[in-house]
Amino acid sequence: MDYIQQYLDEAVVIIRNMDRQRVQNIVDQLFELRERGGRLFLLGVGGGAGHASHAVCDFRKIAQIEAYAPSDNVSELTARVNDDGWETCYANWLRGSRLNEADMVFVFSVGGGDATKNISANLVRALEYAQKVRATICGVVGRDGGYTAQVADACVLVPVVNSSTITPHTESFQALIWHLLVSHPKLKIAEMKWESVQAPARVERSRAASR
């Protein structure tokens, strides 16, 4: 029970210390992306790849932003890894997708990538390519020293409150933040299923209470 209490208490501290303006900056960048008809490319490795896949669904369905994740196409991804190498697999995928200055690359990563330490080097190369074509770069990461935080136009840093739980807290809050983004009034277009189903019931209760 002590660990459960500690983990949840730390989550509360993270929420309190989250930089709201950084989140707003990403909201604004995504709004501008949709207004200009740009595409959203979500990148992650490991848990971040899973996040990217889920977020693609939400951004397309709820925010109606054209979105893709290279890790969703396992055949193409593994072919590129096999033929070209891990380091360039995402960059070459973005090149094949004709990434351009109207588009955005969005990274979910704990460290954000570090080429010198050979950590998530494929993210670094992808971001280098994004810079080359002048695409917008955003991300949600857990360390401010990684490549994503260094080059992003807007980046949320999940505060580190315990060095032994950086990864689980960062990945937990990445999910919280992208759900915040797609449900933000500036970005949400389509109603989510359970909210739309329950809305009439809430209206009816409100009417009954006012009688």
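Listed by chain and residue number, nothing satisfies the salt bridge (charged side-chain N to carboxylate O under 4.0 Å, His left out) test with Glu32 (two or more places apart in sequence, or in another chain). Residues meeting the ring pair (Phe, Tyr, Trp, His ring centres under 6.0 Å) test with His169, sequence neighbours left out: Tyr7. Under the ring pair (Phe, Tyr, Trp, His ring centres under 6.0 Å) criterion, Phe41 pairs with Tyr68, Trp93, not counting sequence neighbours. Checked against side chain to side chain donor-acceptor pair (under 3.5 Å), Ser75 has no partners two or more places apart in sequence or in another chain. The salt bridge (charged side-chain N to carboxylate O under 4.0 Å, His left out) check on Glu10 picks up nothing, with sequence neighbours excluded.
Side-chain atoms of Asn17 come within 3.5 Å of backbone N or O of Val13 as a donor-acceptor pair. The backbone N or O of Ser71 sits nowhere less than 3.5 Å from a side-chain atom of Asn73 that would complete a donor-acceptor pair. Side-chain atoms of Arg125 never come within 3.5 Å of backbone atoms of Leu123 as a donor-acceptor pair (strictly under, hydrogens ignored). Between the side chain of Ser183 and the main chain of Leu180, a donor-acceptor pair closer than 3.5 Å is present.
Residue-environment remark: CZ (Arg16) stays at or below the threshold of 12 foreign heavy atoms within 6.0 Å.
Of the inter-residue distances, the one linking Ile65 atom CD1 with Leu181 atom CG reads 9.0 Å to the nearest 0.5 angstrom. Interatomic distance, His51 NE2 to Ser109 OG, rounded to the nearest 0.5 Å: 10.5 Å. We find the SG-CG distance between Cys138 and Leu33 to be 8.5 Å, quoted to the nearest 0.5 Å. Distance check, rounded to the nearest 0.5 Å: CG of Leu8 to OH of Tyr3 gives 9.5 Å. Annotation: the span from Asp9 atom CG to Ile4 atom CD1 amounts to 11.5 Å, rounded to 0.5 Å. Considering CG of Leu43 and OG of Ser120, their distance stands at 11.0 Å, rounded to 0.5 Å.
The minimum heavy-atom distance linking Glu171 with Gly47 is given by the pair OE2-CA, 3.8 Å. Taking each heavy atom of Cys89 and Leu77 in turn, the nearest pair found is SG-CD1, 3.9 Å. Closest heavy-atom contact between Ser53 and Ala69: N-CB, 4.5 Å. For the residue pair Cys155 and Ala149, the shortest heavy atom distance occurs at SG-CA, 4.0 Å.
The closest side-chain heavy-atom distance from Leu127 to Ile137 is below 4.5 Å. At least one side-chain heavy atom of Val158 sits under 4.5 Å from a side-chain heavy atom of Ile14. Ile119 has its side chain out of reach of Val124: every pair of non-hydrogen atoms, C-beta onward, lies at least 4.5 Å apart. Residues Met192 and Ile62 are in side-chain contact: their nearest non-hydrogen atoms beyond the backbone lie under 4.5 Å apart. A heavy-atom distance below 4.5 Å is found between the side chains of Phe59 and Leu42. You'll find the side chain of Ile26 reaches within 4.5 Å of the side chain of Phe106, heavy atoms only. At a threshold of 4.5 Å between non-hydrogen side-chain atoms, the residues Gln6 and Thr165 do not count as touching.
Hydrophobic clustering (side-chain heavy atoms under 4.5 Å, transitive across Ile, Leu, Val, Met, Phe, Trp, Tyr) keeps Leu40 apart from Tyr90. Linking ILVMFWY residues whenever their side-chain heavy atoms come closer than 4.5 Å, directly or via other members, leaves Ile189 and Met104 in distinct clusters. One hydrophobic cluster, built from ILVMFWY side chains closer than 4.5 Å, cannot hold both Val107 and Leu176; they sit in different ones. Put simply, Phe108 and Val27 are part of the same group of oily side chains (I, L, V, M, F, W, Y) that touch within less than 4.5 Å, one to the next. Val45 and Val156 fall into different hydrophobic clusters, where Ile, Leu, Val, Met, Phe, Trp and Tyr side chains are chained together by heavy-atom contacts under 4.5 Å.
Residue pairs meeting the salt bridge (Lys or Arg N to Asp or Glu O under 4.0 Å) criterion with at least one member in residues 50-72, sequence neighbours excluded, do not occur. The list of salt bridge (Lys or Arg N to Asp or Glu O under 4.0 Å) pairs with a residue in residues 99-119, not counting sequence neighbours, reads Arg39-Asp103. Listed by first then second residue, pairs satisfying side-chain hydrogen bond (donor to acceptor under 3.5 Å, both in side chains) with a partner in residues 146-161 read Gln131-Tyr147, not counting sequence neighbours. Every pair tested for ring pair (Phe, Tyr, Trp, His ring centres under 6.0 Å) that includes a residue from residues 122-144 fails, sequence neighbours excluded, so the list is empty. For the salt bridge (Lys or Arg N to Asp or Glu O under 4.0 Å) condition, the pairs that include at least one residue of residues 172-189, sequence neighbours left out, are Asp28-Lys186, Lys188-Glu191.
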Give the intermediate values and the outcome of side-chain contact (heavy atoms from CB on, under 4.5 Å) for residues Asn122 and Val81.
CA-CA 10 Å; Asn122 62 334; Val81 172; over 6 Å; no
Quick one: do Thr136 and Arg36 satisfy side-chain contact (heavy atoms from CB on, under 4.5 Å)? Show the steps, please.
CA-CA 12 Å; Thr136 302; Arg36 64 176 178 264; 3.2 Å; yes
I'd like to know whether Ile15 forms a side-chain contact (heavy atoms from CB on, under 4.5 Å) with Val12, so could you lay out the CA-CA distance, the side-chain angles of the two residues, the decisive distance to 0.1 Å, and finally the verdict.
CA-CA 5 Å; Ile15 289 176; Val12 171; 5.8 Å; no
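A donor-acceptor pair shorter than 3.5 Å cannot be found between the side chains of Asn25 and Arg22. In the model, Thr88 has no side-chain atom that pairs as donor or acceptor with a side-chain atom of Arg95 under 3.5 Å.
Ring centers of His179 and His54: under 6.0 Å apart, within the cut-off.
If you chain together ILVMFWY residues whose side-chain heavy atoms come under 4.5 Å of each other, Ile166 ends up grouped with Val110, Val160. By the 4.5 Å side-chain criterion applied to Ile, Leu, Val, Met, Phe, Trp and Tyr, Leu157 is assigned to a cluster that also includes Val141.
Between Glu76 and Arg80 a salt bridge is recorded (basic side-chain N to carboxylate O distance below 4.0 Å).
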